[in-house]
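A short write-up of the structure that comes next.
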Amino acid sequence: MYLQHLHLRNFRNYHDQIVQFQAPKTIIVGDNAQGKSNLLEAIELLATLKSHRVSRDRDLIRHGIPDAQVAATVAHRYGTNDLDITLRDRGRRTIRRNHEALRRQLDALGSLNAVQFSCVDLELVRGAPDCRRRWLDSLVVQLEPVYAHILQQYTHVLRQRNALLRQSKRESASVPPAAIALWDAQLATTGSRVTRRRARVLQRLAPLAQHWHQQISGQPETLTLHYAPNVPWQEDEPQQVQAAFLTHIHQQQRAEQQRGTTVVGPHRDDIDLLINDSPARLYASQGQQRTLVLALKLAELHLIESVVGEPPLLLLDDVLAELDLQRQNHLLTAIQDRFQTVITTTHLATFEAGWLAASQQLRVAAGAIAPLL
Amino acid sequence: MAAAIVNARHQVGLCQTCFHLSAEPVCSICSDRTRDPHTLCVVADSRDVIALEKTREYRGRYHVLGGVISPMDGIGPDQLSIQPLIRRASKADITEIILAISPSVEGETTTLYISQLVKPFVKVTQIAFGLPMGGDLEYADEVTLARALEGRRELL
């Protein structure tokens, strides 16, 4: 897929900005706080309906304005699609595809696929488990849009169950068994859907990540992605997994009542990243960590391509300059001209020549974008 | 007009049997002798009764819960008319209970709760969820389609 055209109105620090993407690689140069990442954020919003930086729509709108709009034209193999999102200071957002409002926002997922790589992703190795869960979830959503709904339902069940546990704790009463059993069953049903899908996607991602890791590191190191679910299960059968949930809930009953919150479920999953069987979090050097994250991103790109049938976009937010020339080269060979890439940077000096050749170069200053002369 | 609203506010209460909105102690549906007394349709809200009545396809009686189970809003089974439902189901010669509660997380939890309680003495069914009539398969959203697939049935 190819993003041809992007129109931002009152989005972040942009007033009214049109960007035409004219080459497979677009490099956006600008000083800090001029709007580079905001542009990538707009693309991320179209692809995932979320921003990894903020959770409220209000924060995406230019200060003092009631609404903002992000519109895009995306070329697919079978034709072009127009997609636009209106964000409101107060009230719900509206999403339209080909100028028709979508009844369900989740329907917009899949119109545009993108893999983002920013300095936040370097946290994937060292950071807390929730970084890795969020990363995996956003990948699963792109591959199986229904997952967004499944995750939403799980979160909803979790909130209801927590409300019940909290209430009992506050009143220092034990939770009524009939009431909690009901939410146990719902937690098992929705939670097993989440964990099974996460496992399935990781299983497909692992060999790709291993392949790219070997390519980039040029060494016989083995990268292993190991899913560490909070509720361990063996057989990929809905009943079996649900039974595992119920057993685990039963074991943790006392802990849950004491803490007044749910401690069982995929909201406490983790993904172990191992290099030669030792945790990368503890032993990997800075360079190894970078190689690892880059391998994960390349694996994502190729997995999305094979599932969706079209190459997704690659968004590189301020990270290319941080990679050494050798890794830049690997990335370049891996993406060729097949994956449309949007790159932000503060300076072009550290770029490998191959990246600069045949790329479209833009300059952003104070929320205005113009060709770089 | 204002007087009419005030009057309505004073006169409208709940039916003692099914908890549907009613000006009389027993609502017009419960007192209608031509309606099948053996089938009960359980809904969350009086508005659902009105929606189902519009179809004129259902000839049984109703039971209105007055909401769905939602701990976040402080609504547990005791805040709903679930005990009266059990009493009705166990007392009268009810042969089938149809659960017609929206498929939200809370709705499904409520459905699960009621079905567990009444299953021992009566046949329990749940209305089907899926594609709207006249809707094209290709335009249905994935969540609905997945749900419709889940509830597929064998052709007889």
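To find a chain, count down the sequence lines: A is the first, B the second, and so on, and within it residues start at 1.
Side-chain contact check for Y227(A) and T195(A): at least one donor-acceptor pair (N or O, by modelled atom type) lies under 3.5 Å. Side-chain contact of R96(A) with T86(A): a donor-acceptor pair under 3.5 Å is absent, judged by distance alone.
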task: Could you check V124(B) against I114(B) for side-chain contact (heavy atoms from CB on, under 4.5 Å), going step by step and ending with a plain yes or no?
output: CA-CA 9 Å; V124(B) 187; I114(B) 296 175; over 6 Å; no

message: Checking L49(A) against I95(A) for the side-chain contact (heavy atoms from CB on, under 4.5 Å) test, could you report, in this order, the C-alpha distance in whole Å, the side-chain angles of both residues, the deciding distance, and whether it holds?
response: CA-CA 9 Å; L49(A) 306 183; I95(A) 306 179; 3.7 Å; yes

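Aromatic ring pairs are classed by plane angle as parallel below 30°, tilted from 30° to 60° and perpendicular above 60°; the pair H63(B) and F19(B) is perpendicular.
Using a 4.5 Å heavy-atom cut-off against chain B, no residue of residues 257-265 of chain A qualifies as contacting. Contacts of residues 133-150 of chain A with chain B at a heavy-atom distance below 4.5 Å involve P145(A), V146(A), H149(A), listed in sequence order.
The side-chain heavy atoms of H250(A) and D184(A), taken from C-beta on, include no pair separated by under 4.5 Å. Annotation: side chain of T109(B) is not in contact with side chain of Q160(A) (no heavy-atom distance under 4.5 Å). Contact check for H248(A) versus W233(A): no side-chain heavy atoms found under the 4.5 Å cut-off.
For I69(B), the parts sitting under 4.5 Å from any heavy atom of chain A are the backbone and the side chain alike. Using a 4.5 Å cut-off between heavy atoms, A181(A) does not touch chain B at all. Only the side chain of R103(A) has a heavy atom closer than 4.5 Å to any heavy atom of chain B. Using a 4.5 Å cut-off between heavy atoms, R104(A) contacts chain B through its side chain alone, with no backbone atom that close. Within the 4.5 angstrom heavy-atom criterion, only side-chain atoms of Q116(B), from C-beta onward, approach chain A.
Taking OG from S111(A) and CG from L102(A), the interatomic distance works out to 7.5 Å, rounded to the nearest 0.5 Å.
Counting heavy atoms of neighbouring residues, nucleotides and ligands inside a 6.0 Å radius, atom CD of E171(A) exceeds 12 of them. A 6.0 Å sphere centred on CD of Q203(A) holds no more than 12 heavy atoms belonging to other residues, nucleotides or ligands. The local environment of CZ in R88(A) is crowded, with over 12 non-hydrogen atoms from other residues, nucleotides or ligands closer than 6.0 Å. Other residues, nucleotides and ligands contribute more than 12 heavy atoms inside 6.0 Å of the CZ atom of R59(B).
Options Q152(A), Q186(A), R161(A), Q167(A) differ in how many heavy-atom pairs under 4.5 Å they form with chain B, and the most are formed by Q186(A). The most heavy-atom pairs under 4.5 Å with chain A, out of T110(B), L112(B), L117(B), come from L112(B).
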